[in-house]
Amino acid sequence: MSSRRVARLAEAIRETVSTAVLFNLRDPRIKNVTVLRAEVTPDLRSAKVYVSVMGSERDKALSLQGLDSSRGFLQSKIADRIQTRYTPVLKFVLDEKATDQVTEAARILDELAEERRQRGEPAEPGLSPDDDSSPDADFADDDDEPAEP
């Protein structure tokens, strides 16, 4: 089997599962799920779908249970999208590494924001701390009259 074909199939599975999770699944257990990547075996019979779930360990376990329960529905969506003899059997894997990286990046950004606040710098680049010009400053308080320049 061509590795290019396997890679295209993996990308199609990732896109299909991601779209279905976002728009079609109504399971309340599936929250804050991001589909990261998919790996397909060379015989195209099975696929691992790597997901990241933000939240507590309980939320992660519930989301994986919900995804496992929705496996048949998701496989039918994949079957509609791809034209192969067999539809790959999905297995959902929690990618802890990606979740840890996102958490670490958020922690670093929070530290930088705190350092800026302590130095008196604006939280957003380009704004001074004393700048009262907000996007709504051009509008008057009264809805009947336009704002004066």
Gap between atom [atom2] of [Y] and atom [atom1] of [X] - 0.5 Å precision:
X: K31; Y: L25; atom1: NZ; atom2: CG; answer: 14.0 Å
X: T19; Y: R81; atom1: OG1; atom2: CZ; answer: 7.5 Å
X: T103; Y: M54; atom1: OG1; atom2: CE; answer: 4.5 Å
X: L112; Y: E121; atom1: CG; atom2: CD; answer: 10.5 Å
X: L74; Y: N24; atom1: CG; atom2: CG; answer: 8.5 Å
X: L44; Y: L9; atom1: CG; atom2: CG; answer: 5.5 Å

Looking at [Y] and [X], is any side-chain nitrogen of the basic one under 4.0 Å from a carboxylate oxygen of the acidic one?
X: R8; Y: E11; answer: no
X: K97; Y: D95; answer: no
X: D68; Y: R71; answer: yes
X: R37; Y: E39; answer: yes

Where do [X] and [Y] come nearest, in terms of heavy atoms and distance?
X: A38; Y: A10; value: O-CB, 3.4 Å
X: V17; Y: F92; value: CG1-CE2, 4.1 Å
X: S18; Y: V35; value: CA-CG2, 3.8 Å

- Query: V40, Y50: one ILVMFWY side-chain cluster at the under-4.5 Å cut-off?
  - Reply: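 Cluster IDs for V40 and Y50 differ.
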
- Query: Out of curiosity, does V6 fall in the hydrophobic cluster containing I13 (side-chain heavy atoms, cut-off under 4.5 Å, transitive links)?
  - Reply: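 Same cluster.
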
- Item | Polar side chain donor-acceptor pair, R45 to T87, under 3.5 angstrom |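 Side-chain D/A pair, R45 to T87: absent.
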
- Around atom CZ of R58, are there more than 12 heavy atoms of other residues, nucleotides or ligands at under 6.0 Å?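 No, CZ of R58 has 12 or fewer neighbouring heavy atoms, counting only those of other groups under 6.0 Å.
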
- Check whether more than 12 heavy atoms from other residues, nucleotides or ligands sit under 6.0 Å from atom CZ of R4, and answer yes or no.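 Atom CZ in R4 is not packed in, count stays at 12 or less.
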
- Item | Beyond-backbone contact of V53 with L64, side-chain heavy atoms, under 4.5 angstrom |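 V53 does not reach L64 side chain to side chain.
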
- Message: Here's a test for you: under side chain to side chain contact (heavy atoms under 4.5 Å, CB included), which of V51, V33, T34 qualifies with V21?
- Response: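 Of the listed residues V51, V33, T34, the side chain to side chain contact (heavy atoms under 4.5 Å, CB included) partner of V21 is V33.
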
Please check if the side chain of [X] supplies one atom and the backbone of [Y] the other of a donor-acceptor pair under 3.5 Å.
X: S70; Y: F73; answer: no
X: S63; Y: R29; answer: yes
X: Q75; Y: L90; answer: yes

